[in-house]
There are 2 protein chains.
Amino acid sequence: MAAEFAEGERLDEVTLSARFAVSRTPVREALHGLAASGLVETIPRRGAFVRYPSFIKLVEMFDVMAELEAMCGRLAARRITPEELERLEEAAVACERAMEKGDADDYYRENERFHHVLYQASGNSYLAGEASKLHKRLQPFRRLQLRVRGRLQQSMREHRQVQDAIVKGDAERAADVLRGHIAIQGENLRDLMANFAKQQAGTAARSQSASPESGTRFRDKDMRKIRNPERAE
Amino acid sequence: MAAEFAEGERLDEVTLSARFAVSRTPVREALHGLAASGLVETIPRRGAFVRYPSFIKLVEMFDVMAELEAMCGRLAARRITPEELERLEEAAVACERAMEKGDADDYYRENERFHHVLYQASGNSYLAGEASKLHKRLQPFRRLQLRVRGRLQQSMREHRQVQDAIVKGDAERAADVLRGHIAIQGENLRDLMANFAKQQAGTAARSQSASPESGTRFRDKDMRKIRNPERAE
DNA sequence: GTCAACTTTCTTGTATACAAGATCGTTATT
DNA sequence: AATAACGATCTTGTATACAAGAAAGTTGAC
């Protein structure tokens with residue numbers, strides 16, 4: 001399920017339509033949607049290719065996420081309503097319960113609730129939307145990290161610090177704590193990926209086989225045809 | 001050209017396909033693209049509706065843009081390469097020439113170049129991409145502002161301040177100046193819109209006529225059919 | 001006259017057919 | 001034998017046909 005489609009794999013429209021027992025039309029629309037959300041890259045007249053974010057790109061995305069969350073925190077510290085404060089407390093309590101149970105899945109869900117309350121509390125609906133989108137995209141990699149030893153407890157402490165700063169209306173501290181809260185996930189990711197790379201070192205080359213760059217071998221005679229790749233978008 | 005499609009207007013697929021002399025298929029794909037970029041809202045089984053960002057949303061977007069640019073500046077101050085520094089200077093000089101000529105269109109183009117160099121110089125390609133996307137979306141509203149009296153000169157001064165901070169490697173100052181540089185556009189927008197509203201006050205009501213909320217009159221008898229609007233995505 | 005159920009019409013969503021570009025294989029030429 | 005030109009095949013992009021859901025109009029009951 002997790003590794004159903006390999007990085008670089010070409011997604012053939014007819015194959016997919018056969019597999020899901022629909023015509024090519026909805027398949028095409030779905031592929032365009034995935035392309036918009038970045039999971040797939042489409043090259044005109046060539047097809048759609050699976051694009052998992054590279055490690056570099058993931059770290060970059062976590063950096064941006066950290067900044068967006070910091071902005072949410074800064075604004076929320078000034079703008080949060082009593083009702084939202086209450087929901088923040090509820091989410092924090094739920095997180096605490098999950099942590100005490102040691103239930104990572106549960107913590108993960110409640111953690112998400114906590115952050116979404118913050119996005120809303122920023123009072124900037126565009127920001128909230130963008131933060132949610134990126135949060136969702138980084139979701140699987142965030143989830144991975146909750147397995148790291150002691151991460152749940154640390155995460156919880158950071159949540160309480162954020163909450164404290166917001167209750168006190170300390171915008172800059174809320175921003176800083178949140179920035180760190182996310183940035184540390186980028187750091188942890190580095191560690192996880194390093195370990196993962198050690199294990200998977202042997203099979204890495206194979207997974208690249210179907211990518212358009214490495215897989216489609218341009219023969220010398222075809223090189224005369226000068227094509228500009230004309231990347232989608 | 002500018003106001004070819006009115007806010008809330010329904011975009012009929014067959015009408016559009018007739019107008020552009022293509023079949024419905026590419027029209028549908030184009031509409032989906034516009035929906036992804038936020039210019040159009042699609043409601044399942046109902047159609048696509050023109051959605052210009054509201055004034056509130058615009059201000060929100062400028063706030064986020066300010067933060068993204070600030071982040072670019074902070075990173076660029078530390079990571080910019082000599083080659084990028086050179087391109088920044090080139091863009092700044094080009095801006096200066098345009099300003100001296102008083103050519104707002106030209107300044108607008110070169111200003112864009114200046115900012116794109118900064119995005120690149122951040123060394124975070126994801127950030128650069130997101131900043132470019134939002135920049136592009138705010139483009140028409142930015143452009144409006146260059147007509148404001150004295151804005152060109154002020155903008156130019158701010159550019160030089162940004163450049164100075166980056167040359168000196170002062171990350172926080174670069175961030176602060178850039179944040180202000182963008183934030184002021186949100187402020188100016190407020191003024192422009194206030195003036196615009198005064199002029200257009202009479203015609204405002206009419207432009208809403210075709211929106212699905214106000215235009216589609218549900219008759220009482222139809223209210224029994226409980227539909228969840230099921231907003232797209 | 002008003003309101004509800006039915007029917008008609010219109011529009012989106014999906015399937016299929018066709019056109020055009022791209023890759024791959026074959027053949028001919030140097 | 002290597003390379004270029006040509007043609008066959010496959011795949012995407014577009015057009016058209018069909019199905020299903022939504023809005024509007026019509027008829028009938030109270």
Side-chain angles (χ1 to χ4, degrees), chain A residues 5-6 8-36 39-51 208-233, chain B residues 5-6 8-36 39-51 208-233:
Chain A
F5 296 103
E9 185 180 341
R10 181 154 150 281
L11 296 170
D12 185 62
E13 294 178 0
V14 295
T15 308
L16 287 171
S17 64
R19 173 163 171 197
F20 294 107
V22 291
S23 78
R24 271 179 56 218
T25 312
V27 168
R28 278 178 71 82
E29 299 202 344
L31 286 177
H32 284 127
L34 290 171
L39 276 131
V40 150
E41 182 188 7
T42 63
I43 302 179
R45 293 254 170 227
R46 292 272 206 99
F49 298 86
V50 180
R51 282 280 173 266
Q208 284 277 338
S209 65
S211 84
E213 293 84 353
S214 62
T216 308
R217 300 179 307 276
F218 287 102
R219 289 179 297 185
D220 289 357
K221 65 180 177 185
D222 289 323
M223 288 304 281
R224 64 195 145 73
K225 294 186 192 174
I226 300 143
R227 304 190 190 89
N228 58 342
E230 206 172 9
R231 293 296 171 102
E233 176 260 357
Chain B
F5 296 103
E9 183 179 342
R10 183 155 147 281
L11 296 169
D12 184 63
E13 295 178 1
V14 295
T15 307
L16 288 172
S17 63
R19 173 163 171 196
F20 294 106
V22 291
S23 79
R24 270 181 58 222
T25 313
V27 168
R28 277 178 72 82
E29 300 202 343
L31 286 176
H32 283 128
L34 291 171
L39 277 132
V40 149
E41 182 187 7
T42 64
I43 302 178
R45 295 254 168 225
R46 291 275 204 100
F49 298 87
V50 180
R51 281 281 173 267
Q208 283 278 337
S209 63
S211 83
E213 294 84 351
S214 62
T216 308
R217 301 178 306 275
F218 286 101
R219 288 180 297 186
D220 290 356
K221 63 181 176 184
D222 289 321
M223 289 302 282
R224 63 196 144 74
K225 294 186 192 175
I226 299 141
R227 304 188 188 92
N228 56 346
E230 205 174 8
R231 291 298 171 102
E233 179 244 2

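Keep in mind the model is a prediction, meaning the values are calculated, not measured. Each chain gets a letter, A, B and so on, in the order the sequences are listed, and its residues count up from 1.
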Tell me, do [X] and [Y] make a side-chain contact under 4.5 Å, heavy atoms counted?
X       : Y       : value
B:Val27 : B:Leu31 : yes
A:Arg10 : A:Arg46 : no
B:Arg51 : B:Val40 : no

When you measure from the side-chain N and O atoms of [X] to the phosphate of [N], is any distance below 4.0 Å, counting only OP1 and OP2?
X       : N      : answer
B:Arg24 : D:dA17 : no
B:Arg28 : D:dT14 : no
B:Arg10 : C:dT12 : yes
B:Ser23 : D:dT14 : no

Rounded to whole Å, how long is the line connecting atom [atom1] of [X] with atom [atom2] of [N]?
X       : N      : atom1 : atom2 : answer
B:Glu29 : C:dT14 : CD    : C1'   : 14 Å
A:Glu13 : C:dT16 : CD    : C1'   : 14 Å
B:Glu41 : C:dT12 : CD    : C1'   : 16 Å
B:Phe20 : D:dG13 : CZ    : C1'   : 19 Å
B:Leu31 : C:dG13 : CG    : P     : 10 Å
B:Arg46 : D:dA22 : CZ    : P     : 8 Å
A:Arg45 : C:dT23 : CZ    : P     : 11 Å
A:Ile43 : C:dG21 : CD1   : C1'   : 15 Å

Query raised in the report: Picking from D:dT14, C:dG13, C:dA22, which would you name as closest to the side chain of B:Thr25?
Result: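 Comparing D:dT14, C:dG13, C:dA22 against the side chain of B:Thr25, the answer is D:dT14.
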
